[in-house]
Amino acid sequence: MSLLVLVAAVSGDVRAVEPQAFWLPPRNLSETSGRSTFPQVVRTATADLWVVWTEYLDDPGGEVWGRRRRADSGEWEETLNLSASARRDEGPTLFADPAGTVHLAWTRRATGEGSDILYRYWDGAAWSVEEPLDHTDTYHPAPYGLQFVIDGAGRLCLYASQGSGTAHTCQENGTWGSWTPWVYLPGVRRLGALVLGPDGLLHVPAFGRNEGGYFGCDPWLDDAYYMTTDGTTWSDPVNLSGVGSVAFDAALAFDGEGRLHFLWSDNSPVCSYDSERSALYERVLEGGVWGPRVEASVPNEGQAMEDLSLVADAHGGLHLAWSEGVFTAGGAAVDLAIRYRRWQGGLWFPEEVVYGSPEDSLNVEIAVASQERALLVWEEGPAAGEEVFFSERVAWLCFLPIVRR
């Protein structure tokens, strides 16, 4: 289904009409007395949905929970504990490949027992037994940053990161290979999500030293950087946020014409040259040249930005979701709601409010089913009482009569 629908009259006249869309009321997928945090969502080749998150029912415990929505019935099945260990399981990452398999990896660790990376896959009928992919005797205070990606050779790879360090392993004929040696990237504090580009390279947002801003800007805040890798060699980081902006979160995606869109959330009005608010910003790489910084959110007085998620659909359209609220007089962000925009044919369409509540709406993640149908999960609720919510965008076609004159 295209973004603009051509409606033909009997006479052969045509008229372009934008489909009318709305967001379904959100569904609480976790419904627990504990903390349900950092959800991930994928849509499989068979149109099933899988959502996973980290569930805390006691401290210092943690488990990876998941839930499936069947395509044939549209019903959500019961929640599954996908890690089920006596250690601390956190930081799941999820990926659906074109063949219909869903891949899951996460971190497991315990004091005195070190840190592990675990893996399971869903074949459309059942989950495999868990497979240990890595072990270190070091207990990491936070889970690995994990992400699956298809590399330039068409292999499924799993990248792990800790701070400026990263390593990866790839599948060959369904078997995971050896991990590459860890490399440490100068000037980088942490990595964002890797995306395969039409050039066969992996493109990645990174976070590093804040290089400027007004006097009094916190030097520990990050700037948004851009890097590429072929899996062996990494390019030098390029600062895209620069003086006058900082970065809390960042993401990138290629549109249908091969342009690279790089977006970041600036969460500090103190460091902004633009106003006493934070914002979402975008720069576009076209013809080897980065365009100017432009705002991707609608300016509002005192607005506060947190995290964002950006994906491309099969037709090269972009889908952006983020959490936005307002600053209090004391500088705290409140009334954080989930918002959404689409990009198609060189244009960002108007913002849509997915869900607003008096509680915090954070850590949004997005998947797409079509150009008009987006699928969102996020973390909703007060600190220590978060739940995982889900909503989807539904578009209706409006066939308008054509009046001939």
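Throughout, numbering of the chain's residues begins at 1 and tracks the sequence.
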Chemist: Evaluate Glu282 against Trp348 for side-chain hydrogen bond (donor to acceptor under 3.5 Å, both in side chains), listing each step before the verdict.
Modeler: CA-CA 11 Å; Glu282 176 187 29; Trp348 282 107; 2.9 Å; yes

Chemist: Considering only heavy atoms from C-beta outward, does the side chain of Ser323 approach that of Asp307 to under 4.5 Å?
Modeler: yes

Chemist: Using modelled atom types and a 3.5 Å cut-off, is there a donor and acceptor pairing between side-chain atoms of Ser83 and backbone atoms of Glu63?
Modeler: no

Chemist: Could you tell me whether Asp89 and Arg109 have a side-chain N and a carboxylate O separated by less than 4.0 Å?
Modeler: no

Chemist: To the closest 0.5 Å, what do you measure between CG (Leu308) and CZ (Arg341)?
Modeler: 13.5 Å

Chemist: So, taking the atom named CG in Leu29 and the one named CG in Leu49, what distance separates them when rounded to the nearest 0.5 Å?
Modeler: 9.5 Å

Chemist: Is the closest side-chain donor-acceptor distance between Ser115 and Arg108 under 3.5 Å?
Modeler: no

Chemist: Indicate the ring-plane relationship of Tyr355 and Phe389, choosing parallel, tilted or perpendicular according to the 30° and 60° boundaries.
Modeler: tilted

Chemist: Pair Trp343, His261 - check ring-ring contact (aromatic ring centres under 6.0 Å, His included), show working.
Modeler: CA-CA 10 Å; Trp343 181 96; His261 298 249; 4.7 Å; yes

Chemist: Looking only at the side chains, is there a donor atom on one of Trp53 and Glu379 sitting less than 3.5 Å from an acceptor on the other?
Modeler: no

Chemist: Relative to each other, are the rings of Tyr121 and His103 parallel, tilted or perpendicular (30° and 60° limits)?
Modeler: tilted

Chemist: With sequence neighbours excluded, tell me which residues meet side chain to side chain donor-acceptor pair (under 3.5 Å) with Glu380.
Modeler: Ser357, Ser361, Trp378

Chemist: Whether the side chain of Thr229 engages the backbone of Thr233 through a donor-acceptor N/O pair (distance < 3.5 Å, no angle test) should be reported.
Modeler: yes

Chemist: Output the distance between atom CG (Leu285) and atom CG (Leu252), rounded to the nearest 0.5 Å.
Modeler: 10.0 Å

Chemist: Would you say Val41 and Ile366 make side-chain contact, with heavy atoms under 4.5 Å?
Modeler: no

Chemist: Residues two or more places apart in sequence or in another chain: which of them pass ring pair (Phe, Tyr, Trp, His ring centres under 6.0 Å) with Phe262?
Modeler: none

Chemist: Between Ser128 and Asp123, is there a side-chain heavy-atom distance shorter than 4.5 Å?
Modeler: no

Chemist: Checking Glu352 against Trp23: is there a side-chain donor and acceptor pair closer than 3.5 Å?
Modeler: yes

Chemist: With sequence neighbours excluded, give me every salt bridge (charged side-chain N to carboxylate O under 4.0 Å, His left out) pair touching residues 21-39.
Modeler: Arg35-Glu386

Chemist: Given side chains that start at C-beta, do those of Leu280 and Leu320 come closer than 4.5 Å, heavy atoms only?
Modeler: yes

Chemist: Mind checking the CZ-CD spacing from Arg342 to Glu372? Nearest 0.5 Å is all I need.
Modeler: 5.5 Å

Chemist: Do Asp266 and Ser268 pair up side chain to side chain, a donor and an acceptor below 3.5 Å, judged on atom types alone?
Modeler: no

Chemist: Are Asp222 and Arg209 close enough for a salt bridge, meaning some N to O gap below 4.0 Å?
Modeler: no

Chemist: Within the structure provided, determine whether Phe148 and Leu156 are in side-chain contact (heavy-atom separation under 4.5 Å).
Modeler: yes

Chemist: Centre-to-centre under 6.0 Å for Phe248 and Trp264, is that the case here?
Modeler: no

Chemist: Can you check whether Glu75's main-chain N or O pairs, donor with acceptor, with Ser73's side chain at less than 3.5 Å?
Modeler: yes

Chemist: Charged N to carboxylate O below 4.0 Å: is that the case for Glu77 and Arg70?
Modeler: yes

Chemist: Applying salt bridge (charged side-chain N to carboxylate O under 4.0 Å, His left out), which residue pairs with at least one partner in residues 169-184 are found, sequence neighbours left out?
Modeler: Arg155-Glu172

Chemist: Verify the distance criterion only: is there a donor paired with an acceptor across the side chains of Trp322 and Glu324 at less than 3.5 Å?
Modeler: yes

Chemist: Would you say Thr32 and Glu55 are linked by a side-chain donor-acceptor pair, where the criterion is simply a distance under 3.5 Å?
Modeler: yes

Chemist: Enter the distance from Asp199:CG to Leu260:CG here, rounded to the nearest 0.5 Å.
Modeler: 9.0 Å

Chemist: OG1 of Thr166 to CG of Leu194: how many Å apart, nearest 0.5 Å?
Modeler: 7.0 Å

Chemist: Going by heavy atoms in the side chains, are Asp230 and Leu202 under 4.5 Å from each other?
Modeler: no

Chemist: Under a 3.5 Å cutoff, is there a donor and acceptor pairing between the side chains of Gln371 and Asp313?
Modeler: no

Chemist: Which is it for Tyr144 and Trp106 under the ring-ring contact (aromatic ring centres under 6.0 Å, His included) test, yes or no, and what are the steps along the way?
Modeler: CA-CA 8 Å; Tyr144 290 101; Trp106 71 95; over 10 Å; no

Chemist: Would you check, one step at a time, whether the test salt bridge (Lys or Arg N to Asp or Glu O under 4.0 Å) holds for Asp48 with Arg68?
Modeler: CA-CA 7 Å; Asp48 285 351; Arg68 174 195 181 202; 2.8 Å; yes

Chemist: Compute whether any side-chain donor of one residue and acceptor of the other, for Glu90 and Thr107, lie under 3.5 angstrom apart.
Modeler: no

Chemist: Only counting residues at least two apart or in another chain, list the ones meeting side chain to side chain donor-acceptor pair (under 3.5 Å) with Thr169.
Modeler: none

Chemist: Once ring pair (Phe, Tyr, Trp, His ring centres under 6.0 Å) is applied, do any residues pair with Trp127, and if so which ones, sequence neighbours excluded?
Modeler: Trp50, Trp122

Chemist: Does a side-chain heavy-atom distance below 4.5 Å link Tyr119 with Leu158?
Modeler: no

Chemist: Apply salt bridge (Lys or Arg N to Asp or Glu O under 4.0 Å) to Arg339 and Glu351, showing your working.
Modeler: CA-CA 7 Å; Arg339 301 194 179 210; Glu351 289 184 3; 3.0 Å; yes

Chemist: So, do Thr44 and Val102 sit near enough that their side-chain heavy atoms are less than 4.5 Å apart?
Modeler: yes

